[in-house]
Every structure is written in structure tokens, then in C-alpha cells.
Amino acid sequence: MIARHPLLRRVLEAVATLLGVAVLVFVMLRAIPGDQVTASLGTEAAALTPAQRAALEAYYGLDQPLPAQFLSWLAAVATGNLGMSQRSGQSVLEMTAAALPITLELAVLSLVIGLVLGVAAAMLSASRPDSARDAAGQAVGLAGLSVPAFLLGSALLALSARFLGYNPNAEQFAALTADPWLHLQQLLMPAIVLGFGLAAPIMRTARSALLEVRSQDYVRTARGKGVGPRRLALRHVLPGALVPIVTMTGLQFGYLLGGAVVVEQIFSVPGIGRQVLLGIQQKEYAVVQSTVLVIALTFVLVNLGTDLLYRVIDPRVRAS
């Protein structure tokens, strides 16, 4: 009976999603050939005696059955213990606390770029449907959906370095408090890459929503009363299309976190995506499992926030 409440139901769904992500990443990580022993010793692992390998497997907890390993890790995470990185000697919590704010900064900057580009392009296209302007806008949107982030990022980095002599990411990554200007420059190009990919689905969603709103009676009435095109678009049409735009933006936040894995590696940004990638390469089970769970938790919280936001924007959603 309590679960019928929409917000409580969303919270329960979020918990179920996190549990599903935990199971999935645990199983998939162990399906990759090799283990922590091989990753830590490399080719020297072949020279281990059975007794030495057994001792190392016991040290890493690999001698336990998979269900026992999973429950042990889950119990530790529930108490705030995300595990240790064998390579760096740091706790995963400390590593994540340092990396997550960088990725969130990158995501916010990418969201701003994506929203500005996507909504502006959608308003231009929807103002004259089936025109050359509309066709050009949709072509750019299709390009944004088609071009992979790694290709766009590599091209942008290579072109700016070769023809402009500009590559702030070649320097050691600067903290926001140490050098704000260099920090912003080092996040700008990866944010452009992610923002361009984000702008495309926002543009397509916003265009459809704007065209639908433009056909509503209250918009035709406002146009008939002589409301100017700019005021009509900003005061009447755009507010009516906010719910699908906000919804798509919240959903695309997951794209930002997923795309950041590749983009952060290309631009040498020490965010949480790069932390996952290095953890996979080094077979750091604790690092990958716990970091992916933190990413999933962030995504779930953003989606819950999105639900609350469009309940505020649209009273009809509150009534449902």
C-alpha cells in the first residue's frame, strides 16, 4: 500500500536498480579473462607455485565462492567501506572523493553546452518546419548522434594542438583551487565533446515538443492577439515544452557519465570514468565494482531529482 506512493515507489525502484547494477558489474568483471593475481604480477604469475598462487588468492579473497565474495563486498559497501586499491594503496572512497567532483564539474559544463546548443537549434528548426533551416538543424543533430565521442575528441585534440598550438590538457591536471583558469581550460574541450553529443538528442526531443506546443490553441490565440515571434517562443512555446526537455536532459546525464570514461582518458582528466578504466585494466575488482556503483547511485539520484523537477514544472504530473 505504501509503495503506491509515486515518490516512494521511485525510491524502491532506485534501490532495486542499484542492486541489479551491483550484481551485473560483479559478474561481468569476473567474466573477463585473468584475475588480480595475474594483473598484479603480469608474466611473473606463470612462475608461481600452486601454494604461492593459493596464498595470493586467499589474500585477494578469490578463494571464496562467488556468492560469498559478492555478499562480503556488499556488506562492506553498506558500512561505507568501498575497498582498497592494491596498486596505489589508497582506499576507493578517497579515490572516488577526489575523482567524482571533477567528473561532476565536467558533466555540469557539458550539460550547459548541450542545453544551449540543443534548445537553440530546436527553436530555430521549429520556427520554420520543413525549411532549409529545419533540414540543416536536423542534419547537425544526426551528426551529433552518429559521431563517436572518441573520434570527435581525438580530432578536436589533434587539430587544436597542430594548427592552434593549444593543448592545455598536455600539462598536469590543475585543481580548481590551485589554478581556476587552467582548470577550466582543461575541462572545456572534453565538455564540448560531451556537450555536442548531448545536444543532438535534446535538439530532436525539444523540436518535437516545440512543434506540438505551437499547434496548441493557447499559442494560436496568443499569435492572433499580435504577440511577437520572439516573445511567443520564449513566453508561451518554450515553457510548454520544458517537461520533455528536462526529462531527456536527466536521462542523458547517464550518457555523460558513460561517455566520460573514454573522453577523460583522451584528455587525461582524472575523473571517475578514468578511474574505472584504469581499474579494469589493472583488474582492481574493488575499484571497478565500487566506482561503478557510485556512478549508478549518482545517475539514480539525478533521475529522482528530474522526477521532482518536472513535478514542479507540470502540475499534471503531480496529479498522476
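Computed from a prediction, not measured in an experiment: that's the story for all the values here.
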Review point. Are any side-chain N or O atoms of Glu264 and backbone N or O atoms of Arg274, one a donor and one an acceptor, separated by less than 3.5 Å?
Key: yes

Point to revise | Nearest-0.5 Å distance that lies between atom CG in Leu293 and atom CG in Leu24 | key: 11.5 Å

Review point. Got a second to check how far Leu115's CG is from Met203's CE, nearest 0.5 Å?
Key: 14.0 Å

**Study point:** Verdict with reasoning, Ser268 to Gln186, per side-chain contact (heavy atoms from CB on, under 4.5 Å)
**Key:** CA-CA 9 Å; Ser268 302; Gln186 290 175 328; over 6 Å; no

Check your understanding: What heavy-atom pair brings Asn167 and Ala161 nearest, and what distance separates the two atoms?
Key -> CB-CB, 4.2 Å

Practice item. Check the hydrophobic clustering (I, L, V, M, F, W, Y; side-chain heavy atoms under 4.5 Å; chains of links allowed) and say if Leu151 and Leu194 are grouped together. Key: yes

Review point. If two hydrophobic side chains count as joined below 4.5 Å and joins carry through other members, does Val77 share a cluster with Val23?
Key: yes

**Study point:** Intermediate values then yes/no, side-chain contact (heavy atoms from CB on, under 4.5 Å), Leu104 and Thr298
**Key:** CA-CA 9 Å; Leu104 291 179; Thr298 305; 4.0 Å; yes

Check your understanding: Is there any salt bridge (Lys or Arg N to Asp or Glu O under 4.0 Å) pair reaching into residues 12-29, and which pairs are they, with sequence neighbours excluded?
Key -> Arg10-Glu13

Point to revise | CA sep, side-chain torsions, deciding dist, call: Val287, Leu278, side-chain contact (heavy atoms from CB on, under 4.5 Å) | key: CA-CA 9 Å; Val287 173; Leu278 293 176; over 6 Å; no

Review point. With sequence neighbours left out, what residues match Leu117 under side-chain contact (heavy atoms from CB on, under 4.5 Å)?
Key: Ile113, Ala199

Practice item. Answer yes or no: is there a side-chain heavy-atom contact under 4.5 Å between Val263 and Val269? Key: no

Point to revise | From CG (Leu187) to CG (Leu182), nearest 0.5 Å | key: 9.5 Å

Check your understanding: Does some side-chain heavy atom of Pro190 sit less than 4.5 Å from a side-chain heavy atom of Leu106?
Key -> yes

Review point. Can you list every side chain to side chain donor-acceptor pair (under 3.5 Å) pair that touches residues 154-164, not counting sequence neighbours?
Key: none

Review point. Same cluster for Val108 and Met189 if Ile/Leu/Val/Met/Phe/Trp/Tyr side chains link at under 4.5 Å?
Key: no

Review point. Can you name the one residue among Asn169, Leu157, Val193 that meets side chain to side chain contact (heavy atoms under 4.5 Å, CB included) with Ile266?
Key: Leu157

Exercise for review: Evaluate the side-chain proximity of Val294 to Val92: yes if any heavy-atom separation is below 4.5 Å, no if none is.
Suggested key: no

**Study point:** Spacing of CD1 belonging to Ile272 relative to CG belonging to Leu277, to within rounding of 0.5 Å
**Key:** 13.0 Å

Exercise for review: Give every residue pair that meets the side chain to side chain donor-acceptor pair (under 3.5 Å) criterion with at least one member in residues 172-182, sequence neighbours excluded.
Suggested key: none

Point to revise | Pairs where residues 143-177 contributes a residue and the test ring pair (Phe, Tyr, Trp, His ring centres under 6.0 Å) is met, not counting sequence neighbours | key: Phe173-His183

Review point. What residues form a side-chain contact (heavy atoms from CB on, under 4.5 Å) with Leu93, not counting sequence neighbours?
Key: Leu82, Ser91

Check your understanding: Which atom names give the shortest non-hydrogen contact between Ala99 and Gln275, and what distance separates them?
Key -> CB-OE1, 3.5 Å

Review point. Between the main-chain N or O of Pro168 and the side-chain N or O of Gln185, is there a donor-acceptor pair closer than 3.5 Å?
Key: no

Exercise for review: Spell out, yes or no, whether Val302 and Val112 are grouped together once hydrophobic residues are joined by side-chain heavy atoms under 4.5 Å, including indirect joins.
Suggested key: no

Revision key, fill the gap. d(Glu105 CD, Leu184 CG) to nearest 0.5 Å is 9.5 Å

Check your understanding: So if you build clusters from Ile, Leu, Val, Met, Phe, Trp, Tyr with side-chain heavy-atom gaps below 4.5 Å, do Val147 and Ile202 land together?
Key -> yes

Review point. Can you say whether the rings of Phe26 and Trp73 are parallel (under 30°), tilted (30 to 60°) or perpendicular (over 60°)?
Key: parallel

Practice item. Might you point out which heavy atoms bring Ala296 and Val21 nearest each other, and give the distance in Å? Key: CB-CG1, 3.8 Å

**Study point:** From CG (Leu12) to OG1 (Thr17), nearest 0.5 Å
**Key:** 10.5 Å

